[in-house]
Amino acid sequence: MGGAEKSLVSFFNSIDKSILENNQYVFDLMVVDKIDASFNLSQIPSFVNIVNAPRDLVIYSTPLKQLIKANNIGLGELIKKLSWTVRKRINSKHNEMSENELLWYVEGKNLSSLQKEYDVVLAYLNGTTTYYAIENISAKKKIVWMHNDFDRLGYNVSFQKRFLDKADYIVTISNSCADSLKKYFPDLLPKIKVIENISSGLSIRKMADEFYPDEFKNANEKKILLSIGRLVHQKGYDIGIKACRILKNKSIEFVWYILGTGELQEEILQNIKKEGLEDNVVLLGIRENPYPYIKNCDVFFQPSRYEGKSIALDEAKILNKPIVVAAYDTIYDSIVNEETGIICKLDSEFLAKGLIKVLQSEDLQRKLNLNLVSEKNDNASEINKYFKLINE
């Protein structure tokens with residue numbers, strides 16, 4: 001349920017069905033990790049053909065622990081997976097590359113290619129998805145996405161340029177992200193396009209009314225904070241936990257619910273216990289419909305270190321929730337400080353002050369709510385930009 005995946009689901013569900021009636025378009029979706037994608041796959045419309053990824057790409061892309069847990073790896077594949085790890089370490093003299101880049105450098109050229117030829121391939125995630133689309137899929141046009149601020153991804157510029165040079169278009173999701181790309185790839189300027197992640201206000205508001213979260217019934221009149229995002233370093237939950245410790249020290253009654261799963265789950269649980277916040281910070285895992293949680297929280301809290309353009313934040317804006325967010329580089333594409341949200345320095349004390357400021361002022365909450373109501377946050381019309389690139 002990452003932002004890019006949710007955006008792709010929204011893309012498919014925003015397509016005008018009339019263009020499908022004359023068979024002008026046929027859509028194939030290749031999913032590498034169907035276990036991790038199960039929630040998203042349930043939301044893919046029936047006109048999309050789900051295509052199996054080559055088996056060696058599945059083994060290449062899926063974490064070993066996940067393959068073992070799902071009993072989805074044979075002995076020969078296990079040996080191959082372990083050999084890639086060894087070869088990657090041997091080649092670690094190329095340490096200017098990220099781990100993702102280094103693995104492709106070592107093994108990507110040996111992966112199976114798709115046999116079918118396409119008119120257009122859309123590589124909807126940066127990293128392996130882009131590398132595979134450029135080098136292993138035959139298509140007349142190739143469009144790749146960069147869903148984050150390039151400055152923060154730790155990528156090797158020359159390695160990335162090898163792939164971006166071969167793309168017809170490079171799509172990113174905000175003006176700040178585009179500026180970051182232009183800084184590193186000025187000669188690719190004509191290829192760089194900004195298309196926002198699609199968020200359908202009509203659909204989100206309808207789903208937000210489907211139920212009241214059972215977990216919130218147990219909050220016992222405490223103020224409810226909510227975050228949505230993978231449990232990874234990028235999302236800043238470690239800093240948010242320290243901010244919550246400050247709130248508790250000031251005797252503020254609250255519960256911070258976090259929707260998401262990820263590699264740092266155990267570490268985050270340990271931090272919660274270390275700070276004595278077991279009753280105040282609760283990991284809920286994934287919910288197929290997160291919108292009732294957003295609608296019924298008191299504050300949407302996002303302590304991220306960096307983002308491209310956060311879909312979760314856009315959804316909170318559509319539901320007119322008071323927002324407290326860290327001052328990452330691209331936040332100013334989404335929030336006007338003190339008008340549509342409170343932007344705080346990425347620091348536990350500053351984030352705590354921002355939360356207290358909102359929680360203790362009903363006037364500020366009303367102001368933020370009214371400003372969001374008057375702001376146009378539904379961008380379903382972005383679908384037209386997708387088809388412009390596809391058809392050009």
If only side-chain N and O atoms count, and only distance matters, is there a donor-acceptor pair under 3.5 Å linking N49 with D28? yes

Less than 4.5 Å apart, any side-chain heavy atom of Y237 and any of L264? no

Can we say R305 and D238 salt-bridge, meaning some charged N sits less than 4.0 Å from an Asp/Glu carboxylate O? yes

Quick check: are there more than 12 heavy atoms from other residues, nucleotides or ligands sitting under 6.0 Å from CD of E339? yes

If you draw a 6.0 Å radius around CD in E362, do more than 12 non-hydrogen atoms from other residues or ligands fall strictly inside? no

L57 vs S112 side-chain heavy atoms within contact, under 4.5 Å: no

Cut-off 3.5 Å, side chains only: do Q234 and S304 have a donor facing an acceptor? no

Whether the N148 and Y306 side chains hold a donor-acceptor pair (N or O, under 3.5 Å, no angle test) is what I'd like checked. no

Run the numbers on K309 and D314 for salt bridge (Lys or Arg N to Asp or Glu O under 4.0 Å), then give the verdict. CA-CA 8 Å; K309 192 169 188 295; D314 287 343; 3.2 Å; yes

Should D187 and K161 be marked as a salt bridge (Lys or Arg N to Asp or Glu O under 4.0 Å) after you check the CA-CA gap, both sets of side-chain angles, and the distance that decides it? CA-CA 10 Å; D187 59 318; K161 193 169 189 308; 3.0 Å; yes

Are more than 12 heavy atoms, taken from residues, nucleotides or ligands other than K109, located less than 6.0 Å from that residue's NZ atom? yes

Parallel under 30°, tilted from 30 to 60°, perpendicular over 60°: which one fits the rings of F27 and Y25? parallel

Will you find, in the side chains of Y131 and Q160, an N or O donor that is under 3.5 Å from an N or O acceptor? yes

Aromatic ring centroids of Y105 and F159 under 6.0 Å? no

Say whether D333 and S176, considering side chains only, have a donor N or O and an acceptor N or O under 3.5 Å apart. yes

For the residue pair Y124 and W145, does the interplanar ring angle fall in the parallel (under 30°), tilted (30 to 60°) or perpendicular (over 60°) class? tilted

If you draw the axis of the six-membered ring of F350, does the NZ or CZ of K353 fall within 45° of it and under 6.0 Å from the ring centre? yes

Quick one, R152 with E307, criterion salt bridge (Lys or Arg N to Asp or Glu O under 4.0 Å). Give me CA distance, side-chain angles, the key distance, then yes/no. CA-CA 9 Å; R152 304 303 299 267; E307 295 282 348; over 6 Å; no

N/O donor-acceptor pair under 3.5 Å between K6 side chain and I198 backbone: no

Under 3.5 Å, is there a donor-acceptor pair between the S113 and Y132 side chains? no

Do Y184 and D151 have side-chain atoms, one donor and one acceptor, less than 3.5 Å apart? yes

Inspect the contact between R162 and E135 and indicate whether a charged nitrogen and a carboxylate oxygen are less than 4.0 angstrom apart. yes

Closer than 4.0 angstrom, basic N to acidic O: yes or no for D347 and K242? no

For the residue pair E315 and Y291, confirm or rule out a side-chain donor-acceptor distance under 3.5 Å. yes

Is the count of non-hydrogen atoms from other residues, nucleotides or ligands lying under 6.0 Å from K193 atom NZ greater than 12? yes

Might you work through the side chain to side chain contact (heavy atoms under 4.5 Å, CB included) test for T130 and L125, ending with a clear yes or no? CA-CA 7 Å; T130 290; L125 282 172; over 6 Å; no

Assess, by modelled atom type and distance only, whether the side chains of N100 and S98 contain a donor and an acceptor separated by less than 3.5 Å. no

For D363 and S361, does a side-chain donor sit closer than 3.5 Å to a side-chain acceptor? no

Ionic contact status for K367 with E338, cut-off 4.0 Å: no

Taking NZ, NE, NH1 and NH2 as the nitrogens, is one of them in K140 or D119 under 4.0 Å from a carboxylate oxygen of the other? yes

Quickly, which of F216, Y212, Y257, F300 forms a ring pair (Phe, Tyr, Trp, His ring centres under 6.0 Å) with Y293? Name it, please. F216

Are side-chain N/O atoms of N371 and T340 paired as donor and acceptor at under 3.5 Å? no

Check whether more than 12 heavy atoms from other residues, nucleotides or ligands sit under 6.0 Å from atom CD of Q115, and answer yes or no. no

Are any side-chain N or O atoms of K317 and backbone N or O atoms of S334, one a donor and one an acceptor, separated by less than 3.5 Å? yes

With a 3.5 Å cut-off and no angle check, do the side chains of T128 and W104 form a donor-acceptor pair? no

